[in-house]
Amino acid sequence: MLDIQLLRNDLDGVAQRLAARGYTLDTTEFQRLEAERKQLQTRTQELQAKRNASSKQIGMAKAKGEDVSAIMAEVANLGTELKSAESALEALQAPLNTLLMTIPNLPHESVPAGKSDTDNVEVSRFGTPRVFDFEVKDHVDVGETLKLLDFATATKISSARFSLMKGGLARLHRALAQFMLDTHTTQHGYTEVYVPYLVNADSMRGTGQFPKFAEDQFGIERDGLYLIPTAEVPLTNMVRDEIVAQDSLPLKFVAHTPCFRREAGSYGRDTRGMIRQHQFDKVELVQLVEPEQSYAALEALTGHAEAILQALGLPYRKMALCGGDMGFSAAKTYDLEVWLPAQNTYREISSCSNFEAFQTRRMQARFRGEKGKPELLHSVNGSGLAVGRTLVAILENYQQADGSVTIPAVLWPYMGGVQAL
RNA sequence: GGAGAGGUGGCAGAGUGGUCGAAUGCGCCGGACUCGAAAUCCGGUAUGGCGGUUUCCGUCAUCGUGGGUUCAAAUCCCACCCUCUCCGCCA
């Protein structure tokens, strides 16, 4: 959510910056709603003040045993007038709020211009894609040949876009998550957190999934709970409605969770394999920092995700997303894209973003600084990494001519010494 | 799932219709005393919105959440949520 003051004071400037990410702000509608709101709110509050004063008088008069019928008569009509003013204000505030909640974040000045992923800018590159002297298989063929990956059974048990892993592959999947968690907690200073996988609507609103992306979420209607699409939701909402002490900052949390997404609107995309699933595991990094620190934190956090790819020896590139390709809540995003030989291309494996105060304003997540007044925190997060896609990358990049897959050395301790599948 | 108790400021805790955004204590901030500190004393100390003559003033809202009754609700009524205790069940 943007600062409504900013919209009031510099509407055209905001509209211009939003245009950079391909969003057209209806300034006329906003101004109309705002003008009406101001008029209605002033009117309502005047009536409330009048009522409060009269009620107070009645109270004082009664205490002294005086006759109150004169004042009572005076306030008699106030009630209906006030009620209609209040309901009119409420009726107006709903669309204004919805509008406000559905306006995306302003892109940072360093964000490249552009409309789609083809306009993203490569920032850096690590590793060299391996040259194969045999025909590479994709991860589905690698895994199914080894009899360790079974989509047919997953579909029977559940439905499409679910997967089932067995034996060494299931263990490798677990090993990857363990390795990531250990690295972030021991090397990068994150606190490991175990979180609920079902969260309430307030939490979904806090991080920006609601109201705009409600149809992308799995929900349990009768309980009003929703499956998390990422651990970002529970981790960031830890500070919702909190005022944290400045000396506790920065807060750095890491969690390994399953993530659930409907993938609405992605019909036909990545239907084969584990790339796009309704359920996948992810290790998520979240930082809550002072505003001046958030861009440094974004750089650091992206580096923490890169460290995993480097340790696993997976070639990747770091992309600065252009305005048109960024997510709704982000002010700036780096995507890390891992090399997938079977697709002969780089695919997203981590997305690291600075949200500035966009999420924390919705959540009222603040800290008390030198000014004495509570100030909004900035939130930064990123995948460190998507476990399923990391597994895909290992199966494809480390496949051998005989159909086996060698395992990167850093994972051996987590594999009980097993060095190949 | 059954029975009971309860949700009030940073924390503890009073308040059962009227100058109550809310006593008191703790904590925190400032000051006095002191060579300094402790103790003591004095003062201050919620958040959000709106308006303005914008280091301040005015006003509105907020006592778990949402409705209702009333001129007036922390207080009364209804629904829901949550916490605690006991019983049952359970990984």
Side-chain angles (χ1 to χ4, degrees), chain A residues 1-9 11 30-101 194 196-206 210 219-226 234 237-249 251 258 357-377:
Chain A
M1 189 166 72
L2 296 179
D3 186 355
I4 193 162
Q5 300 297 347
L6 193 62
L7 285 155
R8 287 182 185 134
N9 298 333
L11 187 59
F30 178 79
Q31 278 173 320
R32 185 184 70 77
L33 289 169
E34 252 300 289
E36 205 176 327
R37 187 229 94 225
K38 190 167 175 171
Q39 190 262 325
L40 262 174
Q41 185 165 0
T42 310
R43 172 86 187 124
T44 305
Q45 293 191 353
E46 271 171 13
L47 289 168
Q48 286 171 328
K50 210 187 281 183
R51 180 208 56 198
N52 289 349
S54 301
S55 294
K56 201 169 249 186
Q57 271 184 10
I58 293 171
M60 286 192 286
K62 273 199 165 175
K64 287 187 239 161
E66 293 168 5
D67 177 47
V68 293
S69 54
I71 319 172
M72 292 280 271
E74 207 183 299
V75 234
N77 299 322
L78 216 65
T80 48
E81 204 177 340
L82 180 60
K83 249 184 195 134
S84 73
E86 277 173 342
S87 57
L89 181 62
E90 204 177 327
L92 185 74
Q93 230 130 31
L96 195 57
N97 265 336
T98 308
L99 177 63
L100 203 59
M101 292 289 268
Y194 175 84
Y197 303 156
L198 289 168
V199 300
N200 57 34
D202 283 340
S203 294
M204 293 292 257
R205 227 184 324 274
F210 284 1
I220 295 159
E221 211 56 40
R222 59 185 284 205
D223 299 297
L225 293 173
Y226 305 87
N237 274 282
M238 285 168 70
V239 293
R240 172 155 53 83
D241 294 321
E242 298 287 335
I243 300 173
V244 303
Q246 188 171 26
D247 58 19
S248 67
L249 299 175
L251 297 173
F358 190 84
Q359 296 181 322
T360 53
R361 186 172 294 110
R362 291 169 165 243
M363 286 192 283
Q364 286 298 299
R366 296 165 294 173
F367 72 101
R368 207 181 289 277
E370 286 92 6
K371 293 173 194 161
K373 274 272 163 194
E375 294 175 65
L376 293 170
L377 291 160

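The chains referred to below are lettered A, B, ... by the order of the sequence lines, with proteins before strands, and numbering in each begins at 1. Just so you know, these numbers use all the heavy atoms, side chains as well, and skip hydrogens, waters and symmetry mates.
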Rounding to a whole Å, what distance do you find between A:N9:CG and B:rC50:P?
-> 10 Å
Where A:N237 and A:G206 come nearest, the two heavy atoms and their spacing = OD1-CA, 4.1 Å
Inter-nucleotide P distance (B:rA23, B:rA72), Å rounded = 25 Å
Over how many whole Å does the gap from A:Q5 atom CD to B:rG51 atom C1' extend?
-> 12 Å
Min side-chain heavy-atom separation A:E81-A:R43 under 4.5 Å = yes
If pairing requires Watson-Crick or G-U wobble contacts with both distances under 3.5 Å, which nucleotide is the partner of B:rU85?
-> B:rA3
On a whole-Å scale, what distance lies between the P atoms belonging to B:rC60 and B:rU8?
-> 26 Å
Nearest-angstrom distance from the residue atom CG of A:N97 to P of B:rG48 | 17 Å
Rounded to the Å, how far apart are A:I71 CD1 and B:rU19 C1'?
-> 13 Å
Heavy-atom donor-acceptor pair, A:T360 side chain to A:L376 backbone, under 3.5 Å = no
Does A:Q45 make a side-chain donor-acceptor contact with the base of B:rG49, cut-off 3.5 Å?
-> yes
Here the residues of residues 31-41 of chain A within 4.0 Å heavy-atom distance, strictly under, of RNA chain B are A:R37, A:K38, A:Q41
So do A:M363 and A:L377 actually touch side chain to side chain, heavy atoms under 4.5 Å?
-> no
In whole Å, what separates the C1' atom of B:rC82 from that of B:rU69?
-> 26 Å
Whom does B:rG17 pair with, Watson-Crick or G-U wobble, provided both distances fall under 3.5 Å?
-> none
Taking atom C1' in both B:rC11 and B:rC63, what distance in whole Å separates the two?
-> 16 Å
In whole angstrom, give me the gap between the P atoms of B:rU24 and B:rG15.
-> 15 Å
Pick the P atom in B:rC57 and in B:rG44, then give their distance to the nearest Å.
-> 14 Å
Hey, is the main chain of A:M101 close enough, under 3.5 Å, to the side chain of A:R205 for a donor-acceptor pair?
-> no
Gap between atoms CG and P, on A:D3 and B:rG48 respectively (whole Å) = 12 Å
d(CE, A:M363; C1', B:rG48) in whole Å = 17 Å
Specify the separation, in whole Å, of atom CD1 of A:I4 and atom P of B:rG49.
-> 10 Å
Between B:rG9 and B:rC26 - C1' atom distance, rounded Å | 13 Å
Rounded to whole Å, CD of A:E242 lies from P of B:rA46 at a distance of 19 Å
Indicate whether the side chain of A:S55 and that of A:N52 have a donor and an acceptor atom separated by less than 3.5 Å.
-> no
Given the rule in the side-chain contact (heavy atoms from CB on, under 4.5 Å) test, do A:K50 and A:L82 qualify, once you have shown the distances and angles that lead to the verdict?
-> CA-CA 10 Å; A:K50 210 187 281 183; A:L82 180 60; over 6 Å; no
Evaluate side-chain contact (heavy atoms from CB on, under 4.5 Å) for A:D202 paired with A:D241, printing each intermediate quantity in order.
-> CA-CA 11 Å; A:D202 283 340; A:D241 294 321; over 6 Å; no
Let me have a per-nucleotide readout for nucleotides 62-72 of chain B, 5' to 3', with B, S or -, counting only protein heavy atoms under 4.0 Å.
-> -------S-BS
Write down the partner of B:rA61 under the Watson-Crick or G-U wobble criteria, each distance required to be under 3.5 Å.
-> B:rU47
Flag the pair A:L2 / A:F358 as yes when at least one side-chain heavy-atom distance between them is below 4.5 Å, and no otherwise.
-> yes
Do the non-hydrogen side-chain atoms of A:L225 and A:V199 ever get within less than 4.5 Å of each other?
-> no
Rounded to whole angstrom, note down the C1' distance from B:rG43 over to B:rU62.
-> 27 Å
If you look at every strand shown and take non-hydrogen atoms under 4.0 Å, does A:R43 touch a base, only sugar-phosphate, or nothing?
-> nothing
